[in-house]
Number of protein chains: 2
Amino acid sequence: MDLSPEQQDLPGQRGPHHHEMRERIVRAAEARFRHFGYGKTTVSEIAADLGVSSAYIYKFFGSKIAICEAVCASLLGRIDEALWAEARSPRTAAERLRRTYRLLLEHSLAMFFNDRRLHDMVITGLDQRWASISRHVEVMEEVARFLVQEGRASGEFERKSPLDEVAKAVASTFSPFCHPVLLEHGIDDDPGAKAEAVATIVLRGLSA
Amino acid sequence: MDLSPEQQDLPGQRGPHHHEMRERIVRAAEARFRHFGYGKTTVSEIAADLGVSSAYIYKFFGSKIAICEAVCASLLGRIDEALWAEARSPRTAAERLRRTYRLLLEHSLAMFFNDRRLHDMVITGLDQRWASISRHVEVMEEVARFLVQEGRASGEFERKSPLDEVAKAVASTFSPFCHPVLLEHGIDDDPGAKAEAVATIVLRGLSA
DNA sequence: GAAGTGACAAACTGCGTTATTCGTCACCGG
DNA sequence: CCGGTGACGAATAACGCAGTTTGTCACTTC
């Protein structure tokens, strides 16, 4: 259900799947990308940081963009983990869902303000429909479904409407708080308050 | 509250505000932009279509981009009008709000499929924060607030939570169905059904 | 056969130059 | 004063070329 990011199979991967070098490459690449951006780092530089030749990198990744996807997967994977951790915490489902909105917003804002270059990479990935990003939106849907189920099981939420439909709708309401492009636009208008307000309405809509 | 699009004042306008030529320019520009895109049309061509010189265009617009903004305002203005028409129709507030989701999605999809070039212009406008676009999101918020008020007045909706907060939250849930970038991404996954589902939850969240 | 490399062709980027296009201004005619 | 223009400098876009970077492959070493 929630693999660790490095275990996913992403397009453009190559060679042994579980290999220490693969992880080291991703970490080195992330550092460079964070600092200089995707365009301004060459794979030779990443290789040099690890003390190997660039040819060796290509034993693990089929292209530079594949490295970028892996970095992206790792980044989003960390958010996914935080999301699941919260979703499984010992609180009411309603409280967990409300916190999901907060958590999502918090992580998205953090990326926007602290690592603008990585944020821009994610935007690139978005309109090129990278698998790592689709995976992340799937996880958000799964978390939404899980929380709705939990709330139904505990009697907090109504049980009549089709689970899947409700889960998708809830996940849709996440987008203003997790989508990089929307975020950039609504950044000035107290997104925190908006997230709370949306959470409040949605929770009311779900309640038994 | 809802001016006709040509009457707004937009940055970069110049010369007489109510002038037949201004509207003719916007119409001619829209046709060219729709057909060839913003980048591939020159202001001389727009001028030629109207049988005037390009210098004359600059009596009305301070820059090419200002023309583009006016076209954008006109485009979005048509959507705004449809939204208001629906919002004032003689139906229950709940029904009107549900139809607002549909209407928004319908218009956005139409632009995406039929006039991709204009759609792309709107995206450009979005990350350059054109006034015409801010205006459109304001209108959507106003419509949301209006409908919530109506529903409260008629006893359909609860009356306790602060109106402004609720209106903003409702407007936030519009974004997956009206934001060009989000739309492009979620296009494959039955957006119509998603819109209905979101409407259902939000309406339940608003209900008395 | 796992770890690793140098040498190389193809693809891509940056950049300086040239050709368009943008936008201004002084000016014409009614 | 309103409707309109041609000629011109400034800003931009297109283009071709040199230099980098990407990505492959045959080969080495342990």
Side-chain angles (χ1 to χ4, degrees), chain A residues 10-33 35-72 117 120-121 124-125 128 130, chain B residues 6 10-33 35-72 117 120-121 124-125 127-128 130:
Chain A
L10 252 25
Q13 291 206 1
R14 180 183 278 180
H17 265 221
H18 298 280
H19 195 292
E20 189 217 357
M21 185 54 72
R22 185 183 296 283
E23 288 161 41
R24 293 181 60 206
I25 292 169
V26 172
R27 271 196 296 277
E30 182 180 328
R32 285 256 168 205
F33 291 163
H35 222 61
F36 306 107
Y38 177 78
K40 298 274 180 216
T41 99
T42 71
V43 347
S44 313
E45 286 166 343
I46 299 170
D49 288 350
L50 298 170
V52 298
S53 71
S54 69
Y56 192 44
I57 302 270
Y58 287 99
K59 296 277 189 233
F60 299 94
F61 294 96
S63 66
K64 186 186 175 186
I65 208 80
I67 302 175
C68 194
E69 259 204 76
V71 169
C72 196
R117 295 221 168 72
D120 292 344
M121 271 175 37
T124 307
Q128 289 174 19
W130 291 353
Chain B
E6 276 75 27
L10 250 27
Q13 292 205 5
R14 180 183 279 179
H17 265 222
H18 298 279
H19 196 293
E20 190 214 359
M21 184 54 71
R22 186 184 296 283
E23 287 163 41
R24 293 182 61 206
I25 293 169
V26 171
R27 272 197 295 277
E30 182 180 326
R32 284 260 167 200
F33 290 162
H35 222 60
F36 306 107
Y38 176 78
K40 297 274 180 217
T41 98
T42 71
V43 346
S44 315
E45 287 166 343
I46 298 171
D49 289 350
L50 298 170
V52 298
S53 71
S54 69
Y56 192 45
I57 302 272
Y58 286 99
K59 296 278 190 230
F60 299 93
F61 295 96
S63 66
K64 185 186 176 187
I65 207 81
I67 303 175
C68 194
E69 260 204 75
V71 169
C72 197
R117 294 223 170 70
D120 291 345
M121 270 176 38
T124 307
D127 48 47
Q128 286 173 24
W130 291 353

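Heavy atoms only: backbone and side chains are in, while hydrogens, waters and symmetry mates are out. Naming: A, B, ... by sequence-line order, numbering from 1 per chain.
Between the side chain of R22(B) and the main chain of F60(B), a donor-acceptor pair closer than 3.5 Å is present.
First and last contacting nucleotides of DNA chain D toward chain B (any atom under 4.0 angstrom from a heavy atom, 5' to 3' order): dG3(D) to dA14(D).
Using a 4.5 Å heavy-atom threshold, the side chains of F33(B) and M121(B) count as touching. For the pair T41(A)/I46(A), a side-chain contact is recorded, criterion being any heavy-atom separation below 4.5 Å from C-beta on. Between Y38(A) and I67(A), every side-chain heavy-atom pair lies at or beyond the 4.5 Å cut-off. Between I57(B) and I25(B), the closest side-chain pair of non-hydrogen atoms falls below 4.5 Å. Side chains of H35(B) and K40(B) form no contact here, defined as non-hydrogen atoms less than 4.5 Å apart. Proximity of Y58(A) to V43(A): side-chain heavy atoms (C-beta onward) are separated by under 4.5 Å at one or more points.
For the salt bridge (charged side-chain N to carboxylate O under 4.0 Å, His left out) condition, no pair includes a residue of residues 51-69 of chain A, sequence neighbours left out.
Both K59(B) and S53(A) sit near DNA chain C, but only S53(A) has its closest nucleotide nearer the 5' end.
Between the NE2 atom of H19(A) and the P atom of dG1(C) there is a distance of 15 Å, rounded to whole Å.
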Find every protein N or O atom lying less than 3.5 Å from an N or O atom of nucleotides 21-23 of chain C, and list the pairs.
residue: dC22(C); atom: OP1; partner: K64(B); partner atom: NZ; Å: 3.4
residue: dC22(C); atom: OP2; partner: V43(B); partner atom: N; Å: 3.1
residue: dG23(C); atom: OP2; partner: Y58(B); partner atom: OH; Å: 3.2
residue: dG23(C); atom: OP2; partner: K64(B); partner atom: N; Å: 2.5

